[in-house]
Amino acid sequence: MNSNYDQNQRLSSSKLVLYSYWQSSCSWRVRFALTLKGLCYEYKAVDLVKGEQFSPEFEKLNPLHYVPVLVDGGVVVSDSYAILLYLEENYPQRALLPADPQRRALNLQVASIISSSMQPLHMLSLLKYIEDKFGLEERLLWAQSNIEKGFLAIEKLLKDFVSRYATGEDVYMKCAADDIFLQADVFLAPQIAVVTTRFNMEMSKFPTLSRLYETYKALPEFLASSPERQPDAVH
Ligand SMILES: N[C@@H](CCC(=O)N[C@@H](CS)C(=O)NCC(=O)O)C(=O)O
């Protein structure tokens with residue numbers, strides 16, 4: 001076989017490296033996108049509990065000391081949002097951003113809400129600070145109230161678009177049923193998974209997201225990129 005797709009897979013198997021931590025939702029988004037795009041990659045575990053993100057070697061890749069980081073030959077990209085845009089531009093197979101301007105903007109907006117207005121407000125280092133200052137109960141209430149705010153906003157934003165997946169169908173991309181699973185879904189699926197398990201979020205308040213999550217849970221690419229299936233998972 002000599003298709004562009006196979007060529008991409010061969011090339012990427014030798015050069016794409018993902019620095020990830022199994023329980024990191026930000027890493028999960030990238031693992032999920034790589035899997036959806038059929039890209040092979042080398043998995044390099046960064047143990048956040050042991051503090052490996054602060055090692056001098058990792059600091060050279062990301063001076064902010066966060067996973068994920070993607071290395072593609074000579075290119076180094078950190079931050080899941082930036083990595084997803086990088087992948088979209090350089091590995092356009094199985095597009096995750098639709099052509100239609102409104103749906104494209106909505107996908108970016110949902111991804112940005114999750115990565116900049118939700119996850120940073122419940123990341124471990126911040127929660128530890130809140131717990132130390134105000135106690136365990138305040139830590140949970142803080143996380144839950146910020147997650148609720150974000151999810152309620154996303155429910156409203158998706159209202160006129162949602163179908164089987166978050167931002168509905170895109171006539172330009174409708175080659176196969178799978179092609180309507182887009183970037184908003186890539187960010188939503190791990191986010192819902194993590195907050196329901198970690199913060200005991202009651203998802204019945206978010207009927208659209210609850211329904212979407214049932215669909216996500218059946219996707220093989222979502223399961224393959226899940227924390228439990230990663231080489232550094234602790235069972
Ligand atoms: N905006 C960044 C956030 C990255 C981030 O917060 N990563 C977390 C794991 S999900 C991390 O590495 N935390 C390490 C720490 O807090 O020391 C992204 O979307 O990639």
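Both ligands and their constituent atoms are indexed starting at 1 by order of listing. Numbers here simply count residues along the sequence, with the first being 1.
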Quiz item: With a 4.5 Å heavy-atom cut-off, do L158 and Y165 have their side chains touching?
Solution: no

Practice problem: May I ask you to decide if the ring planes of F222 and F32 are parallel, tilted or perpendicular, using 30° and 60° as cut-offs? | Solution: tilted

Practice problem: Return a yes/no value for D79: is any of its N or O atoms, backbone included, closer than 3.5 angstrom to an N or O of ligand 1? | Solution: yes

Practice problem: Considering the heavy atoms of S80, write down every atom of ligand 1 situated less than 4.0 Å from one of them. | Solution: 18 (C), 19 (O), 20 (O)

Practice problem: Evaluate the ring planes of Y216 and Y213, with Trp represented by its six-membered ring, and classify them as parallel (under 30°), tilted (30 to 60°) or perpendicular (over 60°). | Solution: perpendicular

Quiz item: Looking only at distance, does V67 have an N or O less than 3.5 Å from an N or O of ligand 1?
Solution: yes

Self-check item: Atom indices of ligand 1, in the order listed, that fall short of 4.0 Å to a heavy atom of R29
Solution: 19 (O)

Practice problem: Taking only heavy atoms of M123 into account, list the atoms of ligand 1 that are under 4.0 Å away from them. | Solution: 6 (O), 16 (O)

Exercise. Please say whether S24 places an N or O atom under 3.5 Å from an N or O atom belonging to ligand 1.
Key: no

Quiz item: Out of Q53, Q23, Q119, whose heavy atom sits nearest atom 15 (C) of ligand 1?
Solution: Q53

Exercise. Mark yes when over 12 heavy atoms from residues, nucleotides or ligands other than E137 sit less than 6.0 Å from its CD; otherwise mark no.
Key: no

Exercise. Provide, to 0.1 Å, the distance between atom 11 (C) of ligand 1 and the closest protein heavy atom, together with that atom's residue and name.
Key: Y66 CD2, 3.7 Å

Quiz item: Around atom OH of Y129, are there more than 12 heavy atoms of other residues, nucleotides or ligands at under 6.0 Å?
Solution: no

Quiz prompt | Atoms of ligand 1 close to S125 [distance to a heavy atom under 4.0 angstrom, numbered from 1] | solution = 16 (O)

Quiz item: Between H65 and F58, does the ring centroid distance fall short of 6.0 Å?
Solution: no

Exercise. Within a distance under 4.0 Å of any heavy atom of P68, pick out the atoms of ligand 1 and give their elements.
Key: 20 (O)

Quiz item: Which residue, V186, L182, L87, D185, forms the side-chain contact (heavy atoms from CB on, under 4.5 Å) with L36?
Solution: V186

